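Predicted model only: the values in this text are computed from it and were never measured. Read the numbers this way: they start at 1 and go in the same order the structure lists the ligands and their atoms.
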Amino acid sequence: MSTPGPILVLNGPNLNMLGTRQPEVYGSATLDDVVELCRRTAARFGREIDAFQSNSEGALIDRIHRARGFESGIVINPGGLTHTSVALRDALVIPELPIVEVHISNVHAREEFRHHSYISPIATAVVAGMGIHGYAAAIEFLIQR
Ligand code: DHK
């Protein structure tokens, strides 16, 4: 049997500012650290990732469309689009892949507007509040399920 395709790791708006953005909420690791953690986690299982970050909803949607038939799963931290974007949710259904929604912070312990996610109902799993370890857990889950 051939090796499954890469896992697509997507980060939405403002996650390029990790490390400097509200470190008391999001920690001190940078987006590069997150990508490296994902890469190392996948490599432990002989697997690869593709990483993409954008502050633009349309660019994220275009990238998700290209995952169809190539990538084997999606790990996504949609940032603020979690709480607002029907279009992102509609796009995520298209590739017919398992999805893990990741939040660095515990969104349920924060403002009420962060308690609702448009993505959770179509996700296979949701991780919140584990810091950047949540990305590693998501990768490991997708590989081992
Ligand atoms: C990241 C964001 O940018 C916020 O808009 C979400 C999420 C929470 C996180 O915890 O990673 O509300």
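- Residue-level proximity to ligand 1 for T82 is absent, since no heavy atom of it falls below 4.0 angstrom.
- Residue-environment remark: CD (E112) stays at or below the threshold of 12 foreign heavy atoms within 6.0 Å.
- Residue contacts with ligand 1: H83 is placed with a nitrogen or oxygen under 3.5 Å of a nitrogen or oxygen of the ligand (distance criterion only).
- Of the candidates L15, I104, V127, the one placing a heavy atom closest to atom 9 (C) of ligand 1 is I104.
- Neither the backbone nor the side chain of N14 has a heavy atom within less than 4.0 Å of ligand 1.
- Within a 6.0 Å radius of CD in E48, no more than 12 heavy atoms belonging to other residues, nucleotides or ligands are found.
- Taking atom 8 (C) of ligand 1 as the reference point, the nearest protein heavy-atom neighbour is V107 CG1, 3.6 Å.
- Here the protein heavy atom with the shortest distance to atom 7 (C) of ligand 1 is H103 ND1, 3.8 Å.
- Protein heavy atom nearest atom 5 (O) of ligand 1, with residue, atom name and distance: G80 N, 3.1 Å.
- Of the options L37, N77, I139, V35, a side chain to side chain contact (heavy atoms under 4.5 Å, CB included) to V9 is made by I139 and by none of the others.
- If you look at R114 next to ligand 1, the close heavy atoms, those under 4.0 Å, all belong to the side chain.
- Neither the backbone nor the side chain of V102 comes within contact range of ligand 1; no heavy atom lies under 4.0 Å.
- In this structure, R89 fails the cation-pi test against Y118, since its NZ or CZ atom is not both closer than 6.0 Å to the six-membered ring centre and inside 45 degrees of the ring normal.
- Between H103 and H83, the ring planes are parallel. Angles under 30° get that label, and only those over 60° would be called perpendicular.
- Residue contacts with ligand 1, taken as heavy atom pairs separated by less than 4.0 Å, involve R21 solely via side-chain atoms from C-beta onward.
- Inter-residue side-chain proximity for R63 and E71 is flagged as met; some heavy-atom pair is nearer than 4.5 Å.
- For ligand 1, the polar-atom distance check finds an N/O of S105 within less than 3.5 Å of one of the ligand's N/O atoms.
- Side-chain contact between V100 and V102: present, with at least one pair of heavy atoms (C-beta onward) separated by less than 4.5 Å.
- Between Y135 and M130 the shortest side-chain heavy-atom distance does not fall below 4.5 Å.
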